[in-house]
2 protein chains.
Amino acid sequence: MAKHDPDLSALFHALSDPTRRAMLARLAAGPLTVTELAAPTGLRLPTVLKHLGVLEAAGLIASAKDGRIRTCAFVPGALAPARDWMEAQRSLWEARLDRLEAYVMQLMKEGGHDQ
Amino acid sequence: MAKHDPDLSALFHALSDPTRRAMLARLAAGPLTVTELAAPTGLRLPTVLKHLGVLEAAGLIASAKDGRIRTCAFVPGALAPARDWMEAQRSLWEARLDRLEAYVMQLMKEGGHDQ
DNA sequence: ATCATGCTTAGCCATACGGCTTAGTAACAC
DNA sequence: GTGTTACTAAGCCGTATGGCTAAGCATGAT
């Protein structure tokens, strides 16, 4: 498998799981502790911690431990690279449409009466 | 594992692989055949076809066979759900900031002696 | 000191993923 | 027809993923 773009791969992979997306959505509304995050999932703590590890490795959340309680928080800018990449694809596509249009215009100018 | 959001899961999963992202990027610039797509990857055809299957299942590309040649094309709107989801998280985050700000304003108006 | 809480570590298990090979099948070229 | 080209189908292999249990380890409460 290719080795470049570890960031985007980790980002998209982290987002590809519904459990992780749900956690991220809850964190976007405000910080939560690990147990609070686990509560609505029906999953065991170790499983939840693995998900949090994936999210944190992708840079989507940050966490800090105060006493025995770990609090997790959404990292606001983290989704930007993913958004940028998708935007780049859209741009590519539109550039192609523009070239097509330019080509058609050219044809029309050159051969006004032919089809 | 949770069962909702199969679309987003498939979408993000499809995007989580660098090979697939590279293929999608090339397709965003214009349609290509399977062999053309495979060429720069260094991967075998069956492997490439699996990747194409993932991309197509996610709705990111469409393909059609003409004679013995299958041509693949970028599907422009397909990234929108992913972008929308990410935008929703950003909104959540900003709503939270707004509430925080409103709260602070309230504290300041009251003179800050109690809650 | 003892116990409860909250997280952590280690490891098991089944399935999915990303790569491969080998062997087809369907169209075009001669 | 024979062969070549372009894709497809089937299945193997090693690793990663997503879930679990069981046990450990701090910290806070009694």
Side-chain angles (χ1 to χ4, degrees), chain A residues 1-27 31-73, chain B residues 1-27 31-73:
Chain A
M1 204 163 144
K3 288 166 182 67
H4 20 65
D5 276 346
D7 286 345
L8 279 181
S9 293
L11 248 179
F12 283 126
H13 168 65
L15 296 176
S16 74
D17 184 284
T19 301
R20 284 194 291 265
R21 283 199 304 280
M23 286 175 171
L24 202 63
R26 293 184 60 220
L27 286 177
L32 292 168
T33 70
V34 173
T35 318
E36 286 169 340
L37 275 167
T41 66
L43 298 175
R44 300 294 183 181
L45 261 193
T47 306
V48 170
L49 270 152
K50 245 195 232 177
H51 283 302
L52 291 177
V54 172
L55 287 170
E56 192 155 16
L60 286 165
I61 68 170
S63 77
K65 204 166 175 178
D66 178 20
R68 60 186 163 166
I69 294 178
R70 175 173 299 277
T71 301
C72 304
Chain B
M1 206 159 142
K3 290 166 180 68
H4 15 63
D5 277 347
D7 286 346
L8 279 181
S9 293
L11 248 178
F12 283 126
H13 168 66
L15 296 176
S16 74
D17 183 282
T19 300
R20 284 193 291 266
R21 283 199 305 279
M23 287 176 170
L24 202 63
R26 292 184 61 219
L27 286 177
L32 293 168
T33 71
V34 173
T35 316
E36 287 168 340
L37 275 167
T41 66
L43 298 175
R44 301 293 184 184
L45 262 193
T47 305
V48 169
L49 270 151
K50 244 194 232 178
H51 283 303
L52 291 176
V54 172
L55 287 170
E56 192 155 16
L60 286 165
I61 68 171
S63 77
K65 203 165 177 180
D66 178 20
R68 59 183 163 164
I69 294 179
R70 175 172 298 278
T71 302
C72 303

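Letters A, B, ... mirror the listed sequences (proteins, then strands); counts begin at 1.
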Taken to the nearest 0.5 Å, the spacing of A:Leu27 CG from A:Leu52 CG works out to 7.5 Å

Spacing between A:Glu36 atom CD and C:dG6 atom C1', to the nearest angstrom: 12 Å

Please determine if a side-chain N or O atom of A:His13 lies less than 4.0 Å away from the OP1 or OP2 oxygen of D:dA16. no

Check the distance between D:dT15's P and B:Asp17's CG and give it to me in whole angstrom. 18 Å

Please report, rounded to the nearest Å, how far the C1' atom of C:dG18 is from the CG atom of B:Leu15. 17 Å

Looking only at atom types and distance, does a side-chain atom of B:Arg20 sit under 3.5 Å from a main-chain N or O of B:Leu15, one as donor and one as acceptor? no

Please table the atom pairs, donor to acceptor, closer than 3.5 Å between any side-chain atom in residues 39-49 of chain A and protein atoms at least two apart or in another chain.
from	atom 1	to	atom 2	distance (Å)
A:Thr41	OG1	A:Ala38	O	2.6
A:Thr41	OG1	A:Leu43	N	3.1

Give the rounded distance in Å between these two atoms: CG of B:Leu55 and P of C:dC17. 13 Å

Listing, residues 54-63 of chain A side-chain donor-acceptor contacts under 3.5 Å, not counting sequence neighbours, or none:
from	atom 1	to	atom 2	distance (Å)
A:Glu56	OE1	A:Ser63	OG	3.2
A:Glu56	OE2	A:Ser63	N	3.2
A:Glu56	OE2	A:Ser63	OG	3.2
A:Ser63	OG	A:Arg70	NH1	2.9

Value for OG1 (B:Thr19) from NZ (B:Lys50), rounded to nearest 0.5 Å, stands at 13.0 Å

Heavy-atom pair of closest approach, residues B:Leu37 and B:Arg26: O-NH1, 3.3 Å

Both B:Ile69 and A:Val48 contact DNA chain D. Taking the nearest nucleotide for each, which residue is further toward the 5' end? B:Ile69

Taking only the side-chain nitrogens and oxygens of B:His51, find out if one of them lies under 4.0 Å from OP1 or OP2 of C:dG19. yes

May I have the distance from A:Leu49 (atom CG) to C:dT8 (atom P), rounded to whole angstrom? 5 Å

Considering non-hydrogen atoms only, spot the tightest contact between A:Arg21 and B:Ser9 and give its length. NH2-OG, 3.0 Å

Report the distance from atom CZ of B:Arg70 to atom C1' of C:dT25, rounded to the nearest whole Å. 14 Å

For nucleotides 21-30 of chain D, just jot down a letter per nucleotide in 5' to 3' order: B, S or -, based on protein non-hydrogen atoms under 4.0 Å. BB----BS--

Grab the CG-C1' distance between A:Leu52 and C:dT9 for me, whole Å please. 16 Å

In this structure, how many angstroms lie between the C1' atom of D:dA6 and the CG atom of B:Leu32, rounded? 15 Å

Pick base, sugar-phosphate or nothing for B:Lys50, based on heavy-atom distances below 4.0 Å to the nucleic acid. base

